Amino acid sequence: MAEYVAPAVVKIVADQAKEYASPYFGYFFSYEKIVEDFTNQREALKSRKQRVDTQVDEAKRQTEIIYDDVDNWLTSAEEELKETQNLKDEIDRVKCFKWCPKWGWRYSLSKKLAEKIPMISKLLETSNFAQVGYRRPLQGIEFITSTGFMDSESSKSAFNQIMEAINAKGVNMIGLHGMPGVGKTTLAKEVGKYAREQKFFDKVVMFTMSQNPDINKIQGKVADIFGLKFETSSQEGKAEELFRSMQRVNKILVIVDDLWEEFKMESIGIPFGDEHEGCKILLITRRQQVCTKMNCKEIQLGILSEDEAWVLFRDKARLEDDCSTLNDVAKEVAAQCKGLPLAIVVVANALKGESLKGWRDANQRFKDSMHLYDEEVLGGVLEPLKLSYDYLKKGINQMTGNHIQMCFLLCSLFPEDEEILIEILIMCGIGVGLFPNFSSIEDKRKKIVEALKKVQKSGLLLETDGADTIRIHDVIRDFAHWLTSTGENRFMVKDTLEKWPHMDESYTAIALWNCCSIIKKFPDKVEFSKLKTLFLEGGRKRNRDFLVVFGTFFEEMKALQVLLLQCVSFPLKGFPSLPNLKTLWCQDCMLKNFSSSLTNMRSLEILALIGTEIDEISEELVKLSALQYIRLNLLRRIPKYFNYSPTHDEGIIFPPGLDLGLSGVEFEEEMNIPPNMVSRLTSLQELHVTTKNNLNLLELKSLSCLTALSLTLSTYQIPLEDFVLPKLQRYAIVVGEKYSSNREAFIRRLDIQDFSSSLSAFNNLFCNVEELNLRNVGGQKNIVPSIDEMGLNDLTSLLLKSCNDMEFLIDTKNDQGSTVAFSNLAELNIESMASLKGLCYGLSPTRFLQNLKEVIINGCEELQVIFQIDKPLMLSNLTELRLHSLPKLKRIWEVKPSHRAIASLQSLKVVRIEYCDNLKTIFSPCLALSMLHLQELYIRYCDRLEQVIGFGQEDEIIENHCWTKLKTLWVVDCQLLKYVFANTLSHRFPLLESLYLKNCPQLLQVFSSREGRDVIGDHILLNVPFLKNLEVSNCPQISCFIVQAQLIEKLVLRNVGNSRQLCNTDVPILNEGCIVVGNHEEVFQVQGRYSFSSIEKLVLMNLLELRVIWNDFAQVVTLENLTTLTLRDCKKLGYIFSPMMAHSLSHLVDLFILGCEEIKRLILAKDQVSSSSSNGDTSFQPMSFPNLTRIVVTDCKNLSSLFPFGFVPVLPKLERLIVERNSKLEQVFELEEKVEVVAEEEMKFDKLKRLSLEELPGLIHFCPKGYHSVFPAMIELKVRDCPKLTTGFFIDSQEFVHCKTKLVEQDAVEESTAVRNAIFNENIDWSRGGGKSQLPHIT
């Protein structure tokens, strides 16, 4: 009976208790509600943290820098989740009896939970980050890549003079001049690289001016380096934005390359001189008078000495020392290069591999052509370049040689410093008749590309970052112009033209660039009877500044074969008759009556219209019977009502502000191609239409000569039947409404998106496709045999995304094993495939994936096993593997015992495994044994991972593995992992640079056993001589291990080993400095002055046993590169630096000390250091921290003072000083030496913006008696709960904040009015823009 009465009684009592008891009873009676709120809040925090983690991971992959508040939030969230895990466990254990609950237990737990709920809520409230990181500021590619700098006497002398001028006061502009090809640009890059590496400047930027500078492009490059996004579009507005942005950076080096005339840097936006004394400008020019006009410190770069020239020449020509006869001749050739590095490199490359006879012939040719050295501009470089040019014909027939030389000369027609599209060069080359013995465009393309490669290897052309462009050095370009100034092929190229020049009829090629800004009137008609090539360009501005040319201008150019137009507009009459025109390339032009003009170009073979406005595509195109190549991209239609036509009197340039009626230009939804027109272009060999169009694909069947095809198609354009193009060699076909691509048909590429119909129309393409992209394509369970039965053996790249019916790449269940499939596949990218179960269903086909190099698989929910290794050489070429978000993945590799001998990952370099929750092991022992080239291993968020390398099976022989090339190892958030490596892996990582072990709560050690490893006492020793980054965080179970890493740059130890006490706390002294990782009394064992001198960032957090950071102050440790020091919750740490260490902290920027309760002083007093550890040179020098910017010191209850100082500025760059909750702190600054201050001394903090002194019950002085502090830049001041503070604050007439220490009573008579009126013993909350407190104004 009692068991039924008791609950009722309890309820009555409880109700009464709620009414009459104190509020604390709410902890008991609201228990269920509190538990529910706590559980919901904690789960919300856990989910929010995972999302923020994911955002941070993505930001880091994009090389972004994570904001401090995001990092701090993640740390706080992680700590809160760990602290509340015990409470969550306790909730699960609490049980109430049916009639009598456990009152005390419930009350206690309820109170703890109630206290935690607002903390978690606060974290949730502050977790909505708009961005978690920001783009890392660009450094300038010129200073990252190798410059090929040669350390000659002349270059060393110039280098030293430049560096001396850079460091000299009053010198803000330096001019480096010298003859072309002497190596000025190379030296300038070396200066920039050295200045950046040595941190002489905060920013280093380099750009090229050239004869016709593109100011917008230059401003954009400078803005990129400074992380500036322009708000304005005008050149003047950008200049002002740049000017203000650069003024905020203290020290800047600007390198201006290839300057030809006096130039005002302010027009770009570069401040210098009185506007910015910290900005130094290094000008590079051929012309000394430019340096003189711009008041530069002039420095000349001379040529190489004879010996230096020979060393460079011998190296570039790859000559051996034992060929004395050949070398004697080669020395004579080298001498003819006159010490010019450019000439030496060019000639050496041209003669490399030549016979002795070839060298003698070359030498004789030099001797026969001495007259060329009298040329004024290029001087002695001409003849060496002429030799290389002539050698382009060596060993081949005359005609082919001439055509190779013409390829080179065509490059010189393009603007200075331009990256030239090879496709345009090819079409121009075909237009002027190169390689006529080859009938097809494809064959001619191959020959021209071969020719360009030969020219490039000769040193006359330069590579670019893209495979589709080429570049010509400005000196080489000038040489080509010299070549074409006389003779059969006469060229005229103008980048700057104030008026139409006087020209005779003999020119065969003319190129006029950027005409709109430089020439006011074109003639109506000119006579160029020999002109074969004409390039015309209007303005380069983004508003499409058109150059208007009348058709009569071309009437006397009957021999014209190539016409390239950019930003050119034709009035109503259109083109005149150009009977020999073969190539017409129009980009960003406006062509009226274009269709009717086509009848005037009956010989036209190449037609390209890119970003061009035309009236229409008409049937007139069919009349061009010779047409072999069509490229149509982003065409626009000119509306019929647009009929503006300038008269002759108006000139040919549209007036400023006139938009040419472009606002009325309509953008076509799709290009309207007349039906059955394409099928009648029977000579067509290449068709590239990358604009939306209405083309009927079946028309292409009639084009028997078609070899290359680029198309963008909608799904409704795909026919039901297969279209066969037997001669098609290259294609790029994009199908889909949402996806567009401008990539050209350099390979065979097929991209299909949002397509659910039959793919049979593409059967003829699948057999030889090289790149296949399928996005949201339905109805296919596999690729082989469903899409192609032949195995796609030409395929090199495969992308699959959201093809939700697909289960495997290949199904071989019904195959007898004879199929060869995916034998050339190199790249495999699979994303969001809901039904994917594996790559192969059944036995792997022959040569399956044997050339696979890169695999990326992401978001495949059903995937359980990826690779089934059952064929020789399978995956033997795999270099990179990235797996992400595969929740059901159990095994990456499946290797049967009978196949272990053939399983190999011999080429694997990069492995990244993330969010694979079911994965227990990554590599089997037999695979790990083969991974001799592994360089990077990332493992993150694999909750069930137990082993990186699994234990061998019963019959598997276990051998030691050695990943000697491993450079980066990340193991993060693996909840069950106990050992990173089991017994099967050697301890040696000779090239390891980065080691990160984070958030692994069960991790016991890096290795599972000490057997066979280097051991110091009871501790494993890792000797990693190249290690730069080491982080071990939140691994509470890990045992101590020792790391020898003298080059360490970043060290983070946080919550390491605090749940396990060391068996042996004594670490033996080693001959070399080492780092102790674990729950130990010390971190660094220092041996020698320069131990750990490379360290830049040091973070030590929650190390409960740590007492000293550096084991022996008798060693003079140099920390000259340390920029960031963070110490948090190191409860037993007593001090940080000795005075001698502190003197080396010249680069320290951030100092954060939090919750280190035993620290009494940051820097030991001199009397606390033994005499054996003193240093006579440094101990008497005043203490100074020239770069320290931010200081935060909180919750250090035994700290008595922060910084000692002498008679120099202690903290000249300090911007923020936060000192809070340090109960025994008496003074922030104290004198290094206890001396009486006779006269008042001033301490000036020029940069300090924020000062906070809060909850400091023992604080007496900010600075010692007799000192007066001034804060000119102060914008925020907080003083709270400092009852003993005798320092007062006030503002002077200049709005500078001051503080002075109040004198003792007997000295009060001498106190100034300022001190008497200052604020003492009051809370202050002041800011320059407002605030709760006001500071007294005292003059």
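Predicted, not measured: the structure shown is a model, and the values here were computed from it.
Relative ring orientation between F408 and F479 is described as tilted, the plane-to-plane angle lying within the 30° to 60° band.
At least one side-chain heavy atom of M406 sits under 4.5 Å from a side-chain heavy atom of N489. Here the side chains of H481 and F491 are not in contact, with every heavy-atom distance at 4.5 Å or above. P271 has its side chain out of reach of I252: every pair of non-hydrogen atoms, C-beta onward, lies at least 4.5 Å apart. By the 4.5 Å heavy-atom criterion applied to side chains, L392 and L460 are counted as neighbours. At least one side-chain heavy atom of V256 sits under 4.5 Å from a side-chain heavy atom of F207. Looking at L425 and F414, their side chains come closer than 4.5 Å, going by heavy atoms from C-beta outward. The side-chain heavy atoms of C291 and T285, taken from C-beta on, include a pair separated by under 4.5 Å. At a threshold of 4.5 Å between non-hydrogen side-chain atoms, the residues E298 and T292 count as touching.
Residues forming a side-chain contact (heavy atoms from CB on, under 4.5 Å) with K293 (at least two apart in sequence, or on another chain): E262.
Other residues, nucleotides and ligands contribute over 12 non-hydrogen atoms within 6.0 Å of the CD atom of E505. Atom CD of Q235 sits in a crowded spot, with more than 12 heavy atoms from other residues, nucleotides or ligands closer than 6.0 Å. For NZ of K352, the number of neighbouring non-hydrogen atoms (other residues, nucleotides, ligands) closer than 6.0 Å is greater than 12. By the neighbour-count criterion of 12 heavy atoms within 6.0 Å, atom CD of E306 is sparsely surrounded, having that number or fewer from other residues, nucleotides or ligands. More than 12 heavy-atom neighbours from other residues, nucleotides or ligands sit within 6.0 angstrom of NZ on K393. Other residues, nucleotides and ligands contribute over 12 non-hydrogen atoms within 6.0 Å of the CG atom of N167.
T185 and D257 share a side-chain donor-acceptor pair at under 3.5 Å. For the 3.5 Å distance criterion, the side chains of E190 and T186 fail to qualify, holding no donor opposite an acceptor.
Looking at every heavy atom in both residues, M294 comes nearest to M173 through O-SD, 3.5 Å. Across all non-hydrogen atoms, the minimal contact from I268 to L242 is O-CD1, 3.5 Å. Here the closest non-hydrogen pair linking S245 and L228 is CB-CD2, 4.1 Å. In terms of heavy atoms, R471 sits closest to E418 at CG-O, 3.5 Å. Nearest heavy-atom pair, L351 versus W359, reported as atom, atom and distance to 0.1 Å: CD1-CZ3, 3.5 Å. Here the closest non-hydrogen pair linking R490 and S506 is NH1-OG, 2.5 Å.
Panel note: side chain E241, backbone T232; a donor-acceptor pair is recorded below 3.5 Å. Judged by distance alone, the side chain of D258 and the main-chain N or O of M209 form no donor-acceptor pair under 3.5 Å. Formation of a donor-acceptor pair under 3.5 Å by the T469 side chain with backbone atoms of E419 is not found in this model. A donor-acceptor pair is defined here as one N or O able to donate and one able to accept, closer than 3.5 Å; such a pair exists between the side chain of N1187 and the backbone of S1146. Between the side chain of H177 and the backbone N or O of V290, no donor-acceptor pair lies under 3.5 Å.
Summarising the geometry, atom CD belonging to E277 is positioned 9.0 Å from atom CG belonging to N172; distances are rounded to the nearest 0.5 Å. Atom CG of L304 and atom CG of L312 lie 6.5 Å apart (nearest 0.5 Å). Rounded to the nearest 0.5 Å, atoms CD (Q198) and CE (M163) are 8.0 Å apart. S233 OG to K238 NZ: the interatomic distance, rounded to the nearest 0.5 Å, is 7.0 Å. Distance check: E275 CD to I270 CD1 gives 13.5 Å after rounding to the nearest 0.5 Å. Going from atom CE of M427 over to atom CD1 of I448 covers 7.5 Å, rounded to the nearest 0.5 Å.
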Inset, instruction - Apply the test side-chain contact (heavy atoms from CB on, under 4.5 Å) to residues I166 and V191: give CA-CA distance (whole Å), side-chain angles for both, the deciding distance (0.1 Å), then the verdict. - result: CA-CA 10 Å; I166 282 174; V191 168; 4.1 Å; yes

Inset, instruction - Decide yes or no on side-chain contact (heavy atoms from CB on, under 4.5 Å) for L283 and F263, but give the supporting numbers first. - result: CA-CA 11 Å; L283 303 179; F263 188 84; over 6 Å; no

Inset, instruction - Take F313 and V333 through the side-chain contact (heavy atoms from CB on, under 4.5 Å) test and state the conclusion after the steps. - result: CA-CA 9 Å; F313 189 96; V333 174; 4.0 Å; yes

Inset, instruction - Show your working on side-chain contact (heavy atoms from CB on, under 4.5 Å) between I610 and W585 and close with a plain yes or no. - result: CA-CA 8 Å; I610 302 167; W585 191 287; 3.5 Å; yes

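Sequence neighbours left out, not one pair with a member in residues 287-312 passes ring pair (Phe, Tyr, Trp, His ring centres under 6.0 Å).
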